[in-house]
Amino acid sequence: MKTDTKLRIKGSWNEIKGKLKQKYADLTDDDLLYEEGKDEELLGRLQRKLGKSMDEVKEEINSL
């Protein structure tokens, strides 16, 4: 199922990354490596690591 939920990174990725690391202590810098245009890779890594759906991961990042 494809949804229209887009990944919106507001502000600094470093700030978002810090918040995710605080919330999920087992996330590593490699898990949170973000490169412009590679949203799907990042989301896939987080989805596997957190055991959440792609939409849940996007909503989590978008809410930070």
Side-chain angles (χ1 to χ4, degrees):
M1 181 172 99
K2 185 79 174 148
T3 66
D4 288 339
T5 307
K6 295 279 186 213
L7 182 63
R8 290 182 299 278
I9 297 177
K10 293 179 268 189
S12 166
W13 175 244
N14 286 332
E15 187 178 325
I16 293 170
K17 187 166 71 169
K19 290 178 181 178
L20 286 170
K21 279 180 130 177
Q22 284 178 343
K23 190 168 183 177
Y24 304 103
D26 59 336
L27 289 177
T28 66
D29 286 332
D30 286 343
D31 293 330
L32 294 166
L33 182 64
Y34 174 72
E35 293 179 51
E36 194 69 40
K38 296 198 175 181
D39 297 7
E40 294 298 320
E41 281 181 29
L42 168 69
L43 292 169
R45 283 193 303 273
L46 293 176
Q47 182 184 14
R48 284 189 299 279
K49 189 83 174 214
L50 301 176
K52 296 181 177 232
S53 74
M54 189 71 80
D55 285 343
E56 287 172 322
V57 173
K58 286 178 186 176
E59 285 177 25
E60 178 103 35
I61 290 172
N62 290 341
S63 72
L64 296 175

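The shown structure was predicted, so the numbers you read here are calculated from the model rather than taken from an experiment.
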Distance (rounded to the nearest 0.5 Å) between E15 CD and I9 CD1: 12.0 Å

Give the intermediate values and the outcome of side chain to side chain contact (heavy atoms under 4.5 Å, CB included) for residues I61 and Y34. CA-CA 12 Å; I61 290 172; Y34 174 72; over 6 Å; no

Hey, are the side chains of M54 and E40 touching, using non-hydrogen atoms and a 4.5 Å cut-off? yes

Roughly how far, to the nearest 0.5 Å, is the OG1 atom of T28 from the CZ atom of R45? 8.5 Å

Out of D55, V57, L50, which one pairs with S53 under the side chain to side chain contact (heavy atoms under 4.5 Å, CB included) rule? D55

Could you point out which residue of K23, R8, K19 forms a salt bridge (charged side-chain N to carboxylate O under 4.0 Å, His left out) with E60? K23

Output yes when D31 and R48 qualify as a salt bridge under the 4.0 Å nitrogen-oxygen rule, no when they do not. no

From L32 CG over to L42 CG, what is the distance, rounded to the nearest 0.5 angstrom? 7.0 Å

Least distance between heavy atoms, K49 atom then L27 atom: CG-CD2, 3.5 Å

Do L33 and L46 belong together in a cluster built from hydrophobic side chains that touch within less than 4.5 Å? no

